[in-house]
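Remarks on the structure that follows.
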Amino acid sequence: MANRDYVKRGKGSTRTSRKKAPSRKKPWRSGLLAIIATGVFAWGLYTLSSDPEPEIPAKSTPAVATQTEQKAKPKAQIPPPPEEKWDYVDTLPNREIEVQAKEQIKSKVPYIMQCGAYRTIAQAESRKLDIAFQGLSSQIVKKEGSSFHRVVLGPYSLKRDAERDKHKLQRAKIEPCKIWKEAL
C-alpha cells in the first residue's frame with residue numbers, strides 16, 4: 001500500500017456547526033393555562049364546601065324497639081376456664097440439670113498466635129503497641145536467616161484460649177491473626 005501525504009492534500013471542508021438559537025418567545029400560553037387550571041380547581045373546592053349536607057331520613061321508633069327486645073334475650077353462661085394439665089410452670093424452677101463437659105485435650109505442642117510479620121522493627125513495635133492496648137502481651141520474634149519480624153502472642157496450652165484472644169483482637173479491628181501449632 002502506498003504511503004499518502006495528507007499534508008499536500010489540502011485543507012478539508014471546514015464546517016461550522018451552528019446551534020439553533022433559543023426562541024425568545026414569552027411563555028404566556030403556559031402561564032395563562034396554569035392560571036385557568038388553578039381557578040377551576042379553586043371553584044371546585046368552593047362548590048364542594050358550600051353544598052348542603054344531605055338530609056338523613058328519620059327512623060321509626062317501633063323498629064328500634066323490636067331490635068332491643070331481641071337483644072334482651074338471656075345469653076348462655078360462659079363456662080369457667082379449664083384447669084391446666086401441665087405442671088411445668090411449677091416444676092421447672094425446682095429442676096436441676098447436670099451437664100457433663102467434655103475433657104479438653106491439652107496439646108503437647110503449645111499454640112501461638114501470629115498477628116503480623118513486618119520487615120522493619122518499627123512496624124512490628126507499632127503492632128505490638130496496638131495489641132498491648134487491648135490488655136494482651138505479645139513478643140517480637142525474628143528467626144535466623146529471615147528478614148521478617150513476627151509479632152506473636154502465646155504460648156497457649158488450649159486452642160480455646162488462643163481463639164478467645166483472637167476474637168478480642170478482631171473486635172478491636174486488629175487483623176489478621178493466625179493460630180499456629182508451633183513451639184517458639
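If you read the sequence from its start, that first residue is 1, and numbering goes on from there. The shown structure was predicted, so the numbers you read here are calculated from the model rather than taken from an experiment.
Shortest non-hydrogen contact noted between Gln139 and Gly154 is NE2-O, 4.1 Å. The two residues Tyr88 and Pro93 have their closest heavy-atom pair at O-CD, 4.4 Å.
To the nearest 0.5 Å, atom NE2 of residue His149 and atom NZ of residue Lys143 are 14.5 Å apart. From Met113, atom CE reaches atom NZ of Lys178 across 12.0 Å, with rounding to the nearest 0.5 Å.
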What's the verdict on side chain to side chain contact (heavy atoms under 4.5 Å, CB included) for Gln114 and Cys177, showing C-alpha distance, side-chain angles and the deciding distance?
CA-CA 6 Å; Gln114 179 178 334; Cys177 294; over 6 Å; no
Determine, stepwise, if the pair Lys106 / Leu158 fulfils side chain to side chain contact (heavy atoms under 4.5 Å, CB included).
CA-CA 6 Å; Lys106 291 189 178 183; Leu158 298 173; 3.8 Å; yes
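In this structure, the side chains of Cys115 and Val152 stay at 4.5 Å or more apart for every pair of heavy atoms. When side chains are defined from C-beta on, Ile112 does not count as touching Leu153, because their heavy atoms never get closer than 4.5 Å.
Residues Val141 and Tyr111 are members of separate hydrophobic clusters, defined by side-chain heavy-atom contacts under 4.5 angstrom among Ile, Leu, Val, Met, Phe, Trp and Tyr.
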N/O donor-acceptor pairs under 3.5 Å from side chains in residues 122-138, not counting sequence neighbours:
{"unit_1": "Gln123", "atom_1": "OE1", "unit_2": "Thr120", "atom_2": "OG1", "d": "3.2"}
{"unit_1": "Arg127", "atom_1": "NE", "unit_2": "Tyr118", "atom_2": "OH", "d": "3.4"}

Output side-chain donor-acceptor pairs under 3.5 Å for residues 35-50, partner residues at least two apart or in another chain, one line each.
{"unit_1": "Thr38", "atom_1": "OG1", "unit_2": "Ala34", "atom_2": "O", "d": "2.8"}
{"unit_1": "Thr47", "atom_1": "OG1", "unit_2": "Trp43", "atom_2": "O", "d": "3.3"}
{"unit_1": "Thr47", "atom_1": "OG1", "unit_2": "Gly44", "atom_2": "O", "d": "2.9"}
{"unit_1": "Ser49", "atom_1": "OG", "unit_2": "Leu45", "atom_2": "O", "d": "3.4"}
{"unit_1": "Ser49", "atom_1": "OG", "unit_2": "Tyr46", "atom_2": "O", "d": "3.0"}
{"unit_1": "Ser50", "atom_1": "OG", "unit_2": "Tyr46", "atom_2": "O", "d": "3.1"}
{"unit_1": "Ser50", "atom_1": "OG", "unit_2": "Thr47", "atom_2": "O", "d": "3.4"}

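Sorted by first and then second residue, the salt bridge (Lys or Arg N to Asp or Glu O under 4.0 Å) pairs involving residues 154-172 (not counting sequence neighbours) are Asp161-Arg164.
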